[in-house]
Amino acid sequence: MGVLNVTPDSFSDGGRYLDPTAAVTRLHAIAAEGAAICDVGAESTRPGSDPVPVEEELRRLEPVLAAVAGGGPFPISIDTSKAAVAAVAMDAGAVLVNDVTAGRGDPDLLPLVGERDGAVCLMHMRGEPRTMQEAPRYDDVVGEVRGFLEERLEAAVAAGVSEQCVLLDPGIGFGKRLQDNLALIAGLQALTALGRPVVVGVSRKSMFLTLLGREVEERLAPSLAAGLAAVARGAAVLRAHDVQETVDALATWTAVEAAAR
Ligand code: HH2
């Protein structure tokens, strides 16, 4: 899953794709570099970020949605928590709604996905982006995230979403310390045991500042390493900014695994 943020303030690519031509060019590049789907977002959820009004989110998305309407280069996912935004994106052909609130942010979102026979990614987040990194604490992070995702999966199905159309995500960096992020990657099999594909987003995240002292532009190698560690434990989808490098890393890892068999 390649990431395209049409925002002024995303933590790693903020401002780069606000210009409509730059956004559409990047969308095509993400397809050409080998991603299976592009996750388009118009609201940053980085720690400390404030919510964006629905009109502004739609205004930012407009050029990308216009580029994919009527059959774009490849499938897109809409990274939003708002049903009104998801509805417009699905009208333009988005096949997946990636909701970092797992349906808790807008009560209309899960019923909308159900009505449209769409797919949804339900992500774990402790608190909300503005405050989530203020001293998060867990007794058993893997157990708590698993319990949350299990409950949200049931809520999605109760709202009319087909169970086969639900993906789950531990929400790396969303209200979590370094040790929590590492424990979730290490314990990913407890989440894949829920029977749904697991999405993992480690790309360029601040856990690599804490672990290695690396700034955003220096986080490619650790992002690839953590991503492969997640795939080795059953992750089905990697959410990544560096698409070509991630696809190459995955292809190499897969070739070695095939040789081992
Ligand atoms: N991470 C970010 C945003 N959305 N969605 C899922 N399912 N999983 C993630 O780990 C995830 C996500 C944060 O990354 P990014 O979109 O690059 O930054 P920002 O929120 O600042 O736009």
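Numbering of ligands and ligand atoms starts at 1, following listing order.
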**Message:** With respect to Asp13, determine whether any N or O atom, backbone or side chain, lies less than 3.5 Å from an N or O atom of ligand 1.
**Reply:** no
**Complete:** The closest protein heavy-atom partner of atom 6 (C) of ligand 1 is Asp169 OD2, 3.2 Å
**Prompt:** Parallel, tilted or perpendicular for His241 and Phe11, by the 30°/60° rule?
**Reply:** perpendicular
**Numbered atoms and elements of ligand 1 in range of Asn5, under 4.0 angstrom, heavy atoms** = 15 (P), 16 (O), 17 (O), 18 (O), 22 (O)
**Asked** Which residue supplies the protein heavy atom nearest to atom 4 (N) of ligand 1, what is that atom called, and how far is it?
**Response** Asp79 OD2, 3.1 Å
**Item:** ligand 1 contact by Arg204, heavy-atom criterion under 4.0 angstrom
**Value:** no
**Item:** Val100: numbered ligand 1 atoms lying under 4.0 Å from its heavy atoms
**Value:** 4 (N), 5 (N), 12 (C)
**Item:** ligand 1 N/O within reach of Ser10 N/O, cut-off under 3.5 Å
**Value:** yes
**Request:** Run the salt-bridge test on Glu62 and Arg59 with the 4.0 Å N-O cut-off and return the result as yes or no.
**Result:** no
**Asked** Nearest protein heavy-atom contact for atom 1 (N) of ligand 1: which residue, which atom, what distance?
**Response** Lys205 NZ, 3.0 Å
**Side-chain donor/acceptor of Arg126 to backbone N/O of Lys176, under 3.5 Å** = no
**Asked** In terms of residue, atom name and distance, what is the protein heavy atom nearest to atom 16 (O) of ligand 1?
**Response** Arg239 NH2, 2.8 Å
**Asked** So if you build clusters from Ile, Leu, Val, Met, Phe, Trp, Tyr with side-chain heavy-atom gaps below 4.5 Å, do Leu238 and Leu4 land together?
**Response** yes
**Asked** Considering only heavy atoms of Thr45, which atoms of ligand 1 have at least one such atom less than 4.0 Å away?
**Response** 3 (C), 19 (P), 20 (O), 21 (O)
**Heteroatom distance test (Phe11, ligand 1): nitrogen or oxygen, under 3.5 angstrom** = yes
**Prompt:** Transitively linked via ILVMFWY side-chain contacts under 4.5 Å: Val100 with Met1?
**Reply:** no
**Asked** Considering only protein heavy atoms, which is closest to atom 21 (O) of ligand 1, and at what distance to one decimal place?
**Response** Ser44 OG, 2.7 Å
**Prompt:** To which protein heavy atom is atom 17 (O) of ligand 1 closest, and what is the distance rounded to 0.1 Å?
**Reply:** His241 NE2, 2.6 Å
**Prompt:** Hey, is ligand 1 close enough to Thr7 that some N/O pair sits below 3.5 Å?
**Reply:** no
**Cys121 near ligand 1 by a heavy-atom separation under 4.0 Å** = yes
**Request:** Answer yes when Asp79 and Arg239 have at least one side-chain N-carboxylate O distance shorter than 4.0 Å, and no when they do not.
**Result:** yes
**Message:** In this structure, would Leu27 and Ile37 fall into the same cluster of hydrophobic residues linked by side-chain contacts under 4.5 Å?
**Reply:** no
**Asked** Do Leu191 and Leu153 share a hydrophobic cluster, counting only Ile, Leu, Val, Met, Phe, Trp and Tyr and linking them when any side-chain heavy atoms are less than 4.5 Å apart?
**Response** yes
**Asked** What is the nearest protein non-hydrogen atom to atom 5 (N) of ligand 1, stated with its residue, atom name and distance?
**Response** Asn98 ND2, 3.0 Å
**Prompt:** Salt bridge check: are Asp242 and Arg204 linked by an N-O gap of less than 4.0 Å?
**Reply:** yes
**Asked** Do Ile76 and Val6 belong together in a cluster built from hydrophobic side chains that touch within less than 4.5 Å?
**Response** yes
**Prompt:** Short N/O distance, under 3.5 Å, between Asp39 and ligand 1?
**Reply:** no
**Item:** Atoms of ligand 1, numbered as shown, that sit under 4.0 Å from any heavy atom of Gly201
**Value:** 10 (O)
**Message:** Just to be sure I read this right, does ligand 1 sit under 4.0 Å from the backbone of Arg46, its side chain, both, or neither, counting only heavy atoms?
**Reply:** both
**Request:** In plain terms, say whether Arg26 and Glu33 are close enough for a salt bridge, that is, a side-chain N and a carboxylate O under 4.0 Å apart.
**Result:** yes
**Complete:** Closest heavy-atom pair, Val166 versus Pro197, reported as atoms and distance to 0.1 Å, is O-CD, 3.7 Å
